[in-house]
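The basis for the numbers below is simple: all heavy atoms, side chains too, and nothing from hydrogens, waters or symmetry mates.
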Amino acid sequence: MEEIYVRHVEFLGFEKRFFPSQHYVYMLMVKWNNLSEKLIYRGYPEIYTFHKSLMEMFPIEAGDIDKKDRIIPALPAPKWLDSQKSTETRQSTLAEYCHSLISLPPKISRCQLVCNFFKVRPEDENPPAQQPNETIVMSTDKARGNTSEISGPIILESYRVISDYSKTSKYEINLLTGDLVEIVEKSPNGWWFCQCDTKRGWVPASYLEPLDGPEEPEDADPNYAGELYITTQAYKAAQDDELTLETGETIEVIHKLLDGWWVVRKGEETGHFPSMFLHKTGEKKEMDENVIRRQIPPPRRSTIRNAQSIHGKGRKGISQNTYRRNSRRFLLQKGDWPNQCSQNVVMKIHIIVTSQFHYTKMLLQPAIA
């Protein structure tokens, strides 16, 4: 039987709860080696108790015998009274602690104590709801340990479901048209982790719309300079505005859309391509980071039947003709028209000139009696 162990822990934020009394719990996305992902809730006193037990279990690695041998990360003791400020400022410390913990030798990071602590519990899947909990999301920079620029807490965004959605895996949730969901995490591949009442799971971003208007405020503008990416998996176009690409092809991303279907450029052609099958060139590919592992990309908005928006006007999409026209204009102005285009033109001229030369030579040859 395959050993099950934690491969990554990501801090998402914390909740202020009021039952049975006011307290704070941290939201942790735990990713296991079998590719399952679970959202769990742990209070700081419980985290510290776990830490003390781990130190007792491994006294050498805890530095109890010789301080030079310590490899288990340190963790400050909890305060007598926790406030929202202390809970918030402690997040980066906990994020670094979990990262160091999972990076320890397997005899520690994969021991039963660690696995049991991060294992999902019934109360994680059905948290107390006697009073509405206040959820506060951790900023991305802070979650990665970058404390140079830390923004304040962000209240979860609310979105509306535009069509019924039936989950395709146990990590997703079912949704009905008109449901209101709160977004916990927006993955760049178009799968968003959200909560709807007491349910929590992944849903495709294409089934959600902002409450204020049809336009997604976080969608970036096209970048016709392009960013180099490599395809990590082949994809065959299912619609006219998509591109078919094989594994290992280098392309340029010119528009990153939140639904996970980015617009890419390959030579003269542009088209939509699933971002989950792309990896940026020059960057180390870490399987443990924020992208969720799925076999298929999320559905596109254009494939959703009976979509019911509360907004009079739909989203303003950009056609592939517009992408191609603007892309060519940009490259011409930059003087960097794709090499393959120039090569095609040179080849055509060469064929025409060569053909004309042979035709003229044939006419000038004397007739053979």
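- Side-chain contact between Tyr207 and Val181 is absent, with no heavy atoms from C-beta onward closer than 4.5 Å.
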### Task
Kindly indicate, with the supporting measurements, whether the criterion side-chain contact (heavy atoms from CB on, under 4.5 Å) is fulfilled by Cys194 and Tyr159.
CA-CA 9 Å; Cys194 69; Tyr159 277 70; over 6 Å; no
### side-chain contact (heavy atoms from CB on, under 4.5 Å) evaluation trace for Arg160 with Thr177
CA-CA 8 Å; Arg160 179 185 175 275; Thr177 305; 4.2 Å; yes
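- Residues Glu46 and Phe117 meet the side-chain proximity criterion, which asks for heavy atoms closer than 4.5 Å.
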### Task
Begin with the C-alpha distance, continue with both residues' side-chain angles, and end with the deciding distance and a verdict on side chain to side chain donor-acceptor pair (under 3.5 Å) for Thr270 and Gln320.
CA-CA 7 Å; Thr270 65; Gln320 289 304 321; 2.8 Å; yes
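- Between Pro222 and Tyr224, the closest side-chain pair of non-hydrogen atoms falls below 4.5 Å.
- Looking at Ser309 and Glu209, their side chains do bring a donor and an acceptor atom within 3.5 Å of each other.
- Asn34 CG: more than 12 foreign heavy atoms inside a 6.0 Å radius.
- Hydrophobic side-chain contacts under 4.5 Å tie Tyr5 to no other Ile, Leu, Val, Met, Phe, Trp or Tyr residue.
- Hydrophobic side-chain contacts under 4.5 Å tie Leu211 into a cluster, directly or through other members, with Leu180.
- Between Thr303 and Gln239, the closest heavy-atom pair is CG2-NE2, 3.2 Å.
- Side chain of Arg301 to backbone of Leu208: a donor-acceptor contact under 3.5 angstrom is found.
- For Tyr26 (side chain) and Thr87 (main-chain N/O), a donor-acceptor pair under 3.5 Å exists by modelled atom type.
- To the nearest 0.5 Å, atom CD of residue Glu268 and atom OG of residue Ser327 are 10.0 Å apart.
- Using cut-offs of 30° and 60° on the angle between ring planes, the pair Trp261 and Tyr235 is perpendicular.
- Within the 4.5 Å cutoff, no side-chain heavy atoms of Leu28 are placed close to those of Leu94.
- In this structure a side-chain-to-backbone donor-acceptor pair under 3.5 Å is missing from Asp259 to Gly190.
- Side chain of Thr231 to main chain of Gly248: a donor-acceptor pair is present (N/O by atom type, distance under 3.5 Å, no hydrogens or angles).
- The shortest heavy-atom contact between Pro73 and Leu101 is CG-N, 4.3 Å.
- With sequence neighbours left out, the salt bridge (Lys or Arg N to Asp or Glu O under 4.0 Å) criterion links Arg70 to no other residue.
- Follow the hydrophobic side-chain contacts under 4.5 Å out from Leu113 and you reach Ile71 in the same cluster.
- From Leu39, atom CG reaches atom CE of Met27 across 6.0 Å, with rounding to the nearest 0.5 Å.
- Interatomic distance, CG of Leu278 versus NZ of Lys256, reported as 9.5 Å (0.5 Å rounding).
- Between Ser109 and Val114, the closest heavy-atom pair is O-CG1, 3.4 Å.
- Judged by distance alone, with hydrogens and angles left aside, the side-chain atoms of Glu96 form no donor-acceptor pair with the main-chain N or O of Thr93 at under 3.5 Å.
- Note that Arg265 lies outside the cation-pi zone of Tyr323, set by a 6.0 Å cut-off to the ring centre and a 45° limit from the axis.
- The line from CZ of Arg200 to CD of Glu182 is 9.0 Å long, rounded to the nearest 0.5 Å.
- Note: the hydrophobic cluster containing Val30 also contains Val120 (ILVMFWY, side chain heavy atoms under 4.5 Å, direct or indirect links).
- The backbone N or O of Glu246 sits less than 3.5 Å from a side-chain atom of Glu249, completing a donor-acceptor pair.
- Looking at Glu37 and Met29, their side chains come closer than 4.5 Å, going by heavy atoms from C-beta outward.
- When side chains are defined from C-beta on, Val161 does not count as touching Leu176, because their heavy atoms never get closer than 4.5 Å.
- Looking at residues two or more places apart in sequence or on another chain, you find a side-chain contact (heavy atoms from CB on, under 4.5 Å) between Asn116 and Gln112, Lys119.
- Ring centroids of Tyr44 and Tyr24 are separated by 6.0 Å or more, keeping the two rings apart.
- Proximity of Leu257 to His272: side-chain heavy atoms (C-beta onward) are separated by under 4.5 Å at one or more points.
- The closest side-chain donor-acceptor pair between Asn189 and Ser275, if any, does not fall under 3.5 angstrom.
- In terms of hydrophobic clustering, with Ile, Leu, Val, Met, Phe, Trp and Tyr side chains grouped at heavy-atom distances under 4.5 Å, Val253 and Ile230 are assigned to different clusters.
- One finds the CZ atom of Phe14 at 10.0 Å from the CZ atom of Arg90 (value rounded to the nearest 0.5 Å).
- When all heavy atoms are compared, the tightest approach of Ala205 to Trp192 is CB-CE2, 3.3 Å.
- Taking CG of Asn33 as the start and CD1 of Ile4 as the end, the distance is 5.0 Å to the nearest 0.5 Å.
- The two residues Phe330 and Ala225 make their nearest non-hydrogen contact at CE2-CA, 3.4 Å.
- A donor-acceptor distance shorter than 3.5 angstrom exists from the side chain of Thr247 to the backbone of Ala234, with no hydrogens or angles considered.
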### Task
Applying side-chain contact (heavy atoms from CB on, under 4.5 Å), run through Ile318 and His255 and close with a yes or a no.
CA-CA 10 Å; Ile318 302 176; His255 200 181; 4.1 Å; yes
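- You'll find the ring centres of Trp32 and Tyr171 outside the 6.0 Å limit.
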Acceptor/donor pairs from residues 47-61 side chains to any protein atom, 3.5 angstrom cut, sequence neighbours excluded:
| from | atom 1 | to | atom 2 | distance (Å) |
| --- | --- | --- | --- | --- |
| Thr49 | OG1 | Pro45 | O | 2.9 |
| His51 | ND1 | Tyr97 | OH | 2.8 |
| Ser53 | OG | Thr49 | O | 3.1 |
| Glu61 | OE2 | Lys107 | NZ | 2.6 |

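- A heavy-atom distance below 4.5 Å is not found between the side chains of Phe273 and Glu242.
- Minimum heavy-atom separation, Glu172 to Lys167: O-CD, 3.4 Å.
- Remark: Leu228 pairs with Thr250, Glu252, Thr281 by the side-chain contact (heavy atoms from CB on, under 4.5 Å) rule, at least two apart or across chains.
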